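For reference, the structure is listed below as structure tokens.
Everything numeric in this text was worked out from a predicted model, so none of it was measured.
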Amino acid sequence: MSSPIWHPFTQHGFGEPIPRVSHAEGAALYTEDGRRIVDAISSWWVTTHGHCHPRIMAAIAEQAGRLDQIIFAGWTHEPAETLARGLTEMMPPALAHVFFSDSGSTSVEVALKMALGYWRNRGEPRHRILVMAASYHGDTIGAMSVGARGVFNQAYAPLLFDVGTIPFPAADNAQRTFDALEAACGGPERPAAFIVEPLILGAGGMLIYDPATLAEMHAICSRHDVLFIADEVMTGWGRTGTLLACSQAAIVPDILCLSKGLTGGAVPLAVTLATPTIYAAHFSTDREKQFFHSSSYTANPIACAAANANLAIWREEPVRERIDRLGARQAERLSRLSGIANPRRLGTIAAFEIEDVAPGYLSALGPQLLAFFRDRNLLLRPLGNTVYVMPPYCIDEADLDAIYAGIAEALEAVRA
Ligand SMILES: *Cc1c(COP(=O)(O)O)cnc(C)c1O
């Protein structure tokens with residue numbers, strides 16, 4: 001029986017089996033046919049504290065019995081107020097204003113529109129956006145425009161807007177990146193903003209660069225009065241070892257995007273945080289200067305309640321210790337793998353390339369590995385020949401061992 005569902009990033013022409021998941025707990029997914037799958041990628045980087053965390057589930061149930069949805073233009077509600085206050089207490093104090101949306105991609109669209117609105121309302125319109133090579137910021141047209149061009153967006157290329165691309169800071173040549181950024185910031189067409197994934201480029205292949213480089217890029221933008229947008233959709237909520245990746249570089253962006261782990265990964269929600277300067281440029285008695293953005297479910301109360309439970313978990317549970325422990329366990333297991341290239345780790349994320357294999361997302365290896373891992377009850381989804389492990393923070397030793405045993409077996413199979 002074929003399903004009417006059209007799945008994301010799936011070539012249905014291959015007829016690959018699509019497992020049906022009936023329930024989940026912690027780092028485990030359970031299928032209808034009775035299998036227990038270890039979620040080694042946090043269900044695409046969203047699940048932080050584990051699936052069906054009791055506090056988050058209870059908060060959702062409680063809120064669902066009270067207020068489901070309310071227009072957010074000109075109206076407000078307790079879960080959103082509590083969340084906005086909680087976020088401003090938890091995040092760097094300069095990020096004093098909270099704009100809600102529904103996904104990482106929309107939080108990026110909002111950030112870009114805030115940056116353009118800021119310059120326009122100041123009477124100094126600027127439209128050019130600077131980006132880093134190999135970046136990923138989402139799949140809507142604006143988010144694709146500021147992301148790397150490639151097979152993912154070839155069909156839509158004519159619609160994507162032009163950006164200035166700064167090279168990825170190679171470990172041995174960050175100066176090239178600084179020089180390019182300096183030149184682009186000081187160029188004749190003054191850029192509105194530079195958008196970056198701090199410390200690690202996720203979908204681009206788990207490419208890591210150091211905090212000093214991030215700090216220097218921020219300093220260059222500050223010197224040239226170019227807004228700095230940090231897309232922490234993946235890196236936020238502890239993934240890189242700290243609540244925000246930016247804090248490792250001791251920088252505060254002008255605009256910050258958060259989503260994935262905002263609700264602990266339970267329900268969709270996103271926020272774009274901005275400094276008083278960005279907000280003030282829109283604050284006026286002139287309606288033309290207001291921020292022209294909304295979506296039907298902006299600050300949905302049930303999603304906000306889930307996020308409030310996430311914030312409570314961060315405040316009251318030893319989340320940072322769990323993150324440190326997972327990081328150490330990842331490092332130890334990664335060090336025992338052989339036949340891999342470029343092993344690297346940042347916080348809870350471990351990644352490497354499989355040696356002697358043609359790189360690229362469409363390399364035949366990717367789908368083969370996916371099936372190989374699926375057959376071994378592991379949810380792993382390599383990016384071409386880049387394999388990464390990014391589990392929920394609650395994963396135990398046995399499940400982590402199962403992931404690395406599956407990887408070691410895959411490496412054997414590739415070599416054979
Ligand atoms: C996942 C991701 C996005 C897009 O988030 P969605 O919720 O999938 O729209 C944007 N930026 C980064 C860095 C991401 O990893």
| message | The test is side chain to side chain contact (heavy atoms under 4.5 Å, CB included); show your working for Leu112 and Ile229 and say whether it passes. | response | CA-CA 8 Å; Leu112 298 172; Ile229 303 173; 4.2 Å; yes

| request: Please assess Tyr156 against Met144 for the test side chain to side chain contact (heavy atoms under 4.5 Å, CB included), listing each intermediate value before the final yes or no. | output: CA-CA 9 Å; Tyr156 329 111; Met144 281 193 294; 3.8 Å; yes

| said: Thr177 vs Glu216, test: side chain to side chain contact (heavy atoms under 4.5 Å, CB included). Steps then yes/no. | reply: CA-CA 10 Å; Thr177 299; Glu216 179 58 22; over 6 Å; no

| Going through the checks in order, is the side chain to side chain contact (heavy atoms under 4.5 Å, CB included) test met by Glu16 and His7? | CA-CA 12 Å; Glu16 292 280 316; His7 285 265; over 6 Å; no

| Intermediate values then yes/no, side chain to side chain donor-acceptor pair (under 3.5 Å), Glu232 and Thr235 | CA-CA 5 Å; Glu232 294 235 23; Thr235 52; 2.8 Å; yes

| said: Please determine whether side chain to side chain donor-acceptor pair (under 3.5 Å) holds for the pair Trp237 and Tyr393, giving the CA-CA distance in whole Å, both sets of side-chain angles, and the decisive distance to 0.1 Å. | reply: CA-CA 11 Å; Trp237 305 105; Tyr393 307 153; over 6 Å; no

| request: Check the pair Arg149, Thr165 against side chain to side chain donor-acceptor pair (under 3.5 Å), reporting the backbone distance first and the verdict last. | output: CA-CA 11 Å; Arg149 307 297 160 96; Thr165 303; over 6 Å; no

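Using a 4.0 Å cut-off between charged side-chain N and carboxylate O, Arg20 and Asp33 make no salt bridge. Salt bridge status for Glu89 with Arg85: absent, with no side-chain N to carboxylate O gap under 4.0 Å. The residues Arg325 and Glu321 are annotated as not salt-bridged, no charged nitrogen and carboxylate oxygen being separated by less than 4.0 angstrom. Using a cut-off of 4.0 Å between Lys/Arg side-chain N and Asp/Glu carboxylate O, Glu78 and Arg66 are scored as not salt-bridged. Salt bridge annotation for Arg333-Glu397: present, with a cationic side-chain nitrogen under 4.0 angstrom from a carboxylate oxygen. In this structure, Glu412 pairs ionically with Arg415, as a charged nitrogen and a carboxylate oxygen lie closer than 4.0 Å.
Other residues, nucleotides and ligands contribute over 12 non-hydrogen atoms within 6.0 Å of the CZ atom of Phe161. Remark: Phe292 CZ is packed, more than 12 non-hydrogen atoms of other residues, nucleotides or ligands lying under 6.0 Å away. For Tyr279, the OH atom sits in a loose shell: 12 or fewer heavy atoms of surrounding residues, nucleotides or ligands are nearer than 6.0 Å. Environment of CD in Glu409: crowded, with over 12 heavy atoms of neighbouring residues, nucleotides or ligands closer than 6.0 Å. Environment of CZ in Arg36: crowded, with over 12 heavy atoms of neighbouring residues, nucleotides or ligands closer than 6.0 Å.
A side-chain donor-acceptor contact under 3.5 Å links Asn310 to the backbone of Gly261. No donor-acceptor pair closer than 3.5 Å links the side chain of Glu197 to the backbone N or O of Ser135. A distance-only check finds a donor-acceptor pair linking the side chain of Gln69 to the backbone of Ser296 [under 3.5 Å]. In terms of modelled atom types and a separation under 3.5 Å, the side chain of Asn308 and the main chain of Pro79 share a donor-acceptor contact. Panel note: side chain Glu353, backbone Asn385; no donor-acceptor pair is recorded below 3.5 Å. A donor-acceptor pair is defined here as one N or O able to donate and one able to accept, closer than 3.5 Å; no such pair exists between the side chain of His51 and the backbone of Ala28. Judged purely by atom type and a 3.5 angstrom limit, Asp39 has no side-chain atom pairing as donor or acceptor with the backbone of Ala27. Side chain of Thr242 to main chain of Leu244: a donor-acceptor pair is present (N/O by atom type, distance under 3.5 Å, no hydrogens or angles). Checked by atom type and distance alone, the side chain of His77 pairs as donor or acceptor with a backbone atom of Ala299 at under 3.5 Å. At least one donor-acceptor pair under 3.5 Å links the side chain of Ser22 to the backbone N or O of Tyr30.
Here the closest non-hydrogen pair linking Phe168 and Ile208 is CZ-O, 3.6 Å. Taking both residues in full, the closest heavy atoms of Leu380 and Ile407 are given as CD1-CG1, 3.9 Å, listed atom of the first, atom of the second, then distance. Taking each heavy atom of Met234 and Lys260 in turn, the nearest pair found is CA-CD, 4.2 Å. The heavy-atom pair separating Gly138 from Ser105 by the smallest distance is CA-OG, 3.3 Å. Nearest heavy-atom pair across Leu411 and Ser338 is CD1-O, 3.5 Å. In plain terms, the two heavy atoms of Phe291 and Val110 that are nearest each other are CZ-O, 3.6 Å.
Counting heavy atoms from C-beta outward, His49 and Trp314 have side chains that approach closer than 4.5 Å. Within the 4.5 Å cutoff, side-chain heavy atoms of Glu317 are placed close to those of Arg322. Residues His282 and His97 have side chains not in contact (no heavy-atom distance under 4.5 Å, counting atoms from C-beta outward). Cys304 has its side chain within reach of Phe100: a pair of non-hydrogen atoms, C-beta onward, lies under 4.5 Å apart. For the pair Cys185 and Phe194, the minimum side-chain heavy-atom distance is 4.5 Å or more. Leu199 is listed as a side-chain neighbour of Pro211, based on a closest heavy-atom distance under 4.5 Å. For the pair Ile37/Pro19, no side-chain contact is recorded, criterion being any heavy-atom separation below 4.5 Å from C-beta on. Between Leu87 and Leu262, some side-chain heavy-atom pair lies under the 4.5 Å cut-off.
We find the CD1-CG distance between Ile129 and Leu227 to be 8.5 Å, quoted to the nearest 0.5 Å. For the atom pair NE2 (His12) and OG (Ser2), the distance works out to 10.0 Å, reported to the nearest 0.5 Å. Here His53 contributes atom NE2 and Ile313 contributes atom CD1; the two are 3.5 Å apart, rounded to the nearest 0.5 Å. With values rounded to the nearest 0.5 angstrom, Leu243 atom CG is found 4.5 Å from Met91 atom CE. Put simply, CD1 on Ile166 and CD on Glu182 are 10.5 Å apart, with the number rounded to the nearest 0.5 Å. Distance check, rounded to the nearest 0.5 Å: CG of Leu130 to CD1 of Ile195 gives 11.0 Å.
Between Phe9 and Phe152, the ring-plane angle classifies as tilted under the 30° and 60° cut-offs.
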